[in-house]
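All chains are named by letter (A, B, ...) in the order of the sequence lines, taking the proteins before the strands, and each is independently numbered beginning at 1.
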Amino acid sequence: MKIASVIVDVPAKQTDKAFDYLIPSQWEETIQPGMRVVVPFGPRHIQGFVIEVKRESEFKQLREIIEPMDLVPVLNQELLKLGTWLTDHTLCFKIFAFQVMLPAALKAKYEKKVKLAPGAAAVDLPMPLQPYFANSSTLNWEIALKNGLVPYLQRASAEGFLEVIYEVKEKVRKKLVHVIGPAIGVQDMKLELERLPGNADKQKQVLAYFIEHDSEIELRQLTEKIKASSSTVKALVEKKLLWEAEKEVYRDPYENRTFERTSPLPLTEAQTTAIKPILDSIEGNQHEVFLLYGVTGSGKTEIYLQSIQEVIEKGKEAIVLVPEIALTPQMVNRFKGRFGDQVAVLHSGLSAGEKYDEWRKIQRKQVKVAVGARSAIFAPFENIGIIIIDEEHETSYKQEEMPRYHAKDVAIERAKTYSCPVVLGSATPSLESFARAQKKVYHLLSLPTRMNNQPLPSVEIIDMREELRAGNRSMFSTKLFEMLKDRLEKNQQSVLFLNKRGHSSFVMCRDCGYVVSCPNCDISLTYHRAGVQMKCHYCGFESPVPKICPECSSEYIRYFGTGTQKVEDELGKILPEARVIRMDVDTTGRKGSHERLLKEFQDGKADILLGTQMIAKGLDFPNITLVGVLSADTMLHLPDFRSSEKTFQLLTQVSGRAGRHQLPGEVIIQTYTPEHYSIELAGTQNYDLFYQREMFVRKMHHYPPFYFLALITVSHEQLMTVMSATEKIARFLRSQVSNQAVVLGPSVSPIARINNRYRYQCLIKYKREPNLTKTLKTIIDQHQNEAKNGLLVSVDVNPFILM
DNA sequence: AGCACGCCGACT
DNA sequence: GTCGGCGTGCTC
């Protein structure tokens with residue numbers, strides 16, 4: 001008898017281990033590690049992952065696996081191993097580590113139902129239940145709960161008339177089509193054609209088709225071509241001349257689009273120098289991490305493409321990560337254009353079914369390249385030849401829920417297994433990566449100039465305090481206004497960038513400054529235009545927008561938006577002839593509207609593109625010659641040690657949108673703190689100097705890359721409980737770590753309260769702490785036991801946002 | 001997580 | 001004396 005070790009779909013400390021099950025003999029050959037199975041767990045049926053098949057178990061009373069959920073493992077050996085690695089490094093439950101590697105569609109859904117017991121009839125049941133079982137033998141538990149039927153159900157089940165069943169359901173069904181193919185050879189087919197009765201005209205046509213085309217075809221296409229009905233084809237299948245099968249098809253989200261095929265471009269001298277070590281690494285099957293540091297427009301993408309080309313020619317596969325790809329259709333186009341249908345694209349803009357289909361293409365080895373956002377790092381390839389992370393400094397590569405992994409770390413781990421290179425590309429590398437490159441841990445490759453040697457756009461920093469002193473109270477400096485007007489006359493395009501703190505809009509009273517905030521959480525409510533409602537992003541609380549201020553009864557309480565609305569209004573006043581496209585959460589809410597708006601801008605249907613963060617990346621339009629940043633310093637004052645770095649990166653990136661082609665570009669940065677080094681140096685686009693300045697600050701304050709961080713957040717409904725619990729944790733930590741490490745806190749979390757739970761945190765800064773993982777695990781374990789009294793403890797190793 | 005088992009207060 | 005409150009512990 002074979003036995004399977006199964007990780008069950010119950011995220012809890014006590015169940016975070018493998019459970020052994022007997023494999024029923026009919027599945028003995030089928031069930032393999034990496035498959036999902038349905039297993040009995042207590043009274044329920046739940047999903048689990050087989051991690052091992054063995055012959056013995058230390059448990060004697062084993063139950064049997066109910067059924068496999070896959071015919072082929074969904075996780076290969078490498079991914080199973082990677083799951084363990086993820087669990088150890090992010091301190092998450094094993095089940096989360098496996099689930100995160102699969103498309104959401106493969107996450108099980110559970111349904112609890114009651115069913116009439118064999119031999120029982122509706123009339124046997126208590127009266128109130130009878131109508132529910134008149135037409136159907138099952139009743140959904142949810143419905144029973146809503147209608148207060150549970151006591152009756154319990155009685156009926158005790159009497160043996162009903163039984164409770166648990167169903168495990170898949171979220172998506174595979175899309176299937178009928179396929180028809182020849183069951184015999186061409187010669188035999190010709191003979192059979194002769195033998196058909198004279199009146200079987202349609203059947204003859206079908207056979208004739210297969211004599212000409214000796215391959216399978218979709219039933220629908222065949223009947224359409226020959227104008228035959230499916231019964232004609234069926235008859236031939238009956239005669240065993242043709243075969244019929246159900247075949248899985250993929251919904252291709254890009255199927256209606258054509259991609260202009262491109263071929264490798266000749267490389268510049270700098271590109272040739274940069275790509276050489278990568279190609280060598282591919283050639284020699286060497287694991288190495290490259291930091292490709294190149295200014296915007298220096299041709300990093302072409303290096304990616306040609307490296308991938310090399311990998312494909314070696315018969316291997318490539319993973320390319322891009323930040324939130326739905327936002328960069330231009331990037332998709334470049335990969336699809338070069339590698340055509342060898343590319344699978346995984347991003348958040350796809351439906352669950354579409355994502356699943358793209359994932360299946362990878363799993364079935366029908367593609368060679370996976371392009372996608374963070375989670376694409378788990379693409380189920382088995383012969384990876386290169387992993388590329390574009391814009392490696394992007395914070396979206398860090399997942400902020402369990403498992404709290406960073407795609408870069410996963411990339412390096414997988415690349416080690418496959419002994420292949422990792423390429424991290426950026427114009428403004430994260431300090432961590434650049435520091436590693438300096439220490440020769442990563443191999444630094446530089447592309448210092450733009451292609452065709454276009455100059456970087458000239459940047460001018462405008463001190464808005466001066467503007468105010470000069471009597472200009474508008475949000476446009478005189479200079480920016482004049483330049484906008486100039487571009488309008490020249491028929492060139494401009495981009496206006498509004499750097500907003502956070503990305504949401506709020507409602508504020510203009511008289512007293514009161515901001516409508518959530519009663520459960522210490523953050524302001526977000527305005528949602530659609531429902532004229534205000535919503536809390538953390539707990540889901542909703543309330544209507546107040547007409548008068550609850551504090552001072554003023555009527556001047558209103559929506560502050562992302563500010564783009566206001567900018568648009570003001571633009572309309574000062575430049576009424578300008579055609580403006582506004583891009584923010586309000587205008588891009590609907591699927592595809594983002595791409596549509598960009599297309600309109602590209603087609604020259606507008607003069608000015610106005611937007612927030614989301615327009616900072618990936619725009620590459622030839623006619624943009626002016627970029628204006630309306631407020632550069634709004635995110636500089638966030639309580640985050642990376643705020644300077646983020647400001648510098650964002651400003652540099654936005655500036656890079658201008659003048660990427662023939663026309664030279666100009667950039668205007670408006671700020672209230674022009675003397676801050678991250679703004680000043682973004683102005684001169686001097687990354688190296690910024691790096692030095694920021695490294696000095698980080699060293700002073702014991703922050704990464706000089707120290708590692710771990711963040712512990714504790715929450716509870718009672719303020720006193722959180723404080724004392726966090727205090728206890730901090731004391732414990734201090735007793736466990738070496739004197740090289742610093743434990744900060746307990747301190748109030750930047751978001752002091754979420755969903756009526758007070759939040760305190762504790763930050764550990766350390767250099768080398770071999771036992772820290774163990775210590776953190778101990779803390780998690782101890783508080784899992786105390787979770788009963790409502791205390792929640794979460795640990796984030798290498799946090800990105802300290803909130 | 002769910003669910004069962006089990007031990008103490010307010011009711012037919 | 002019973003129904004049910006949710007504290008505790010188990011699920012291969």
Side-chain angles (χ1 to χ4, degrees), chain A residues 1-25 27-28 31-33 35-69 80 87 91-100 107-115 126 140-146 148-160 162-169 171 401-403 715-718 721 755 780-794:
Chain A
M1 218 29 163
K2 280 194 190 170
I3 290 158
S5 271
V6 176
I7 301 293
V8 292
D9 184 15
V10 182
K13 174 83 207 39
Q14 291 160 300
T15 52
D16 189 32
K17 55 179 176 169
F19 286 77
D20 289 346
Y21 289 89
L22 287 177
I23 301 177
S25 53
W27 307 119
E28 200 145 301
I31 290 179
Q32 293 162 42
M35 279 185 180
R36 297 171 306 146
V37 288
V38 179
V39 291
F41 198 67
R44 303 179 279 164
H45 290 180
I46 57 171
Q47 189 196 64
F49 288 90
V50 177
I51 53 162
E52 194 192 345
V53 174
K54 52 190 186 180
R55 299 221 85 97
E56 275 169 22
S57 171
E58 51 182 303
F59 292 87
K60 9 192 198 314
Q61 283 303 109
L62 296 185
R63 296 170 78 181
E64 286 196 341
I65 285 177
I66 292 168
E67 60 180 3
M69 294 178 74
L80 281 173
T87 311
L91 304 172
C92 70
F93 298 130
K94 293 178 178 63
I95 188 70
F96 282 146
F98 292 131
Q99 252 155 17
V100 77
K107 209 181 148 187
K109 232 174 56 182
Y110 298 102
E111 243 174 31
K112 186 180 175 179
K113 290 177 175 175
V114 277
K115 193 179 160 195
N140 214 310
W141 191 264
E142 296 278 301
I143 297 168
L145 213 58
K146 262 192 215 116
L149 303 172
V150 175
Y152 301 107
L153 293 177
Q154 280 171 334
R155 200 198 314 158
S157 105
E159 288 164 358
L162 286 178
E163 53 192 30
V164 182
I165 54 171
Y166 299 87
E167 273 180 10
V168 183
K169 289 197 160 181
K171 281 197 179 138
E401 310 145 21
M402 290 242 261
S715 73
H716 191 273
E717 286 176 14
Q718 233 79 54
T721 317
N755 215 351
I780 295 174
D781 287 0
Q782 269 170 13
H783 288 276
Q784 212 80 41
N785 297 332
E786 284 174 45
K788 309 154 196 154
N789 47 45
L791 204 66
L792 274 177
V793 178
S794 84

Original post:
A:Lys2 NZ to C:dC12 C1': how many Å, rounded?
Top reply: 19 Å
Original post:
Between B:dC3 and A:Tyr166, is there an OP1 or OP2 to side-chain N/O distance shorter than 4.0 Å?
Top reply: yes
Subject >> Between C1' of C:dC3 and CD of A:Gln154, the distance in whole Å >> reply: 13 Å
**OP:** Starting from P on C:dC12, measure out to CD on A:Glu64 and report it in whole angstrom.
**Re:** 13 Å
Original post:
In whole angstroms, how far is the P atom of C:dC12 from the CD1 atom of A:Ile51?
Top reply: 16 Å
**OP:** Let me know the distance between CD of A:Gln47 and P of B:dG2, rounded to the nearest Å.
**Re:** 14 Å
**OP:** Establish, yes or no, whether the cationic atom of A:Lys94 lies under 6.0 Å from the six-membered ring centre of A:Phe96 and within 45° of the ring axis.
**Re:** no
Original post:
Taking side chain as C-beta onward, heavy atoms only, is A:Thr15 less than 4.5 Å from A:Phe93?
Top reply: no
Subject >> A:His45 side chain reached by A:Tyr110 side chain, heavy atoms, under 4.5 Å >> reply: no
Original post:
Is the number of heavy atoms from other residues, nucleotides or ligands within 6.0 Å of NZ (A:Lys115) greater than 12?
Top reply: no
Subject >> Length of the line joining A:Asp16:CG and C:dC10:C1', which is rounded to integer Å >> reply: 16 Å
**OP:** Please determine, for the side chain of A:Gln14, which listed nucleotide (B:dA1, C:dC12, B:dC3) has the closest atom?
**Re:** B:dA1
Original post:
Which is true for A:Glu58 with a 4.0 Å heavy-atom rule: it touches a base, it touches only sugar-phosphate, or it touches nothing?
Top reply: nothing
Subject >> Sugar-phosphate only, base, or nothing, as touched by A:Tyr21 at under 4.0 Å among non-hydrogen atoms >> reply: sugar-phosphate
**OP:** Report which part of the nucleic acid A:Arg63 touches: base, sugar-phosphate, or nothing (heavy-atom distance under 4.0 Å, all strands).
**Re:** sugar-phosphate
Subject >> Proximal nucleotide (of B:dC3, C:dC12, B:dA1) relative to the A:Thr15 side chain >> reply: B:dA1
**OP:** Just call it for A:Lys60: base, sugar-phosphate, or nothing, with non-hydrogen atoms closer than 4.0 Å on any strand.
**Re:** nothing
**OP:** Rounded to the nearest angstrom, tell me the gap between atom CZ in A:Phe19 and atom C1' in B:dA1.
**Re:** 12 Å
Original post:
What is the distance, rounded to the nearest whole Å, between atom CZ of A:Phe41 and atom P of B:dG2?
Top reply: 11 Å
Original post:
How are the rings of A:Phe19 and A:Phe41 set relative to one another: parallel (under 30°), tilted (30 to 60°) or perpendicular (over 60°)?
Top reply: perpendicular
Subject >> Presence of A:Lys13 side-chain N/O under 4.0 Å of B:dA1 phosphate oxygens OP1/OP2 >> reply: no
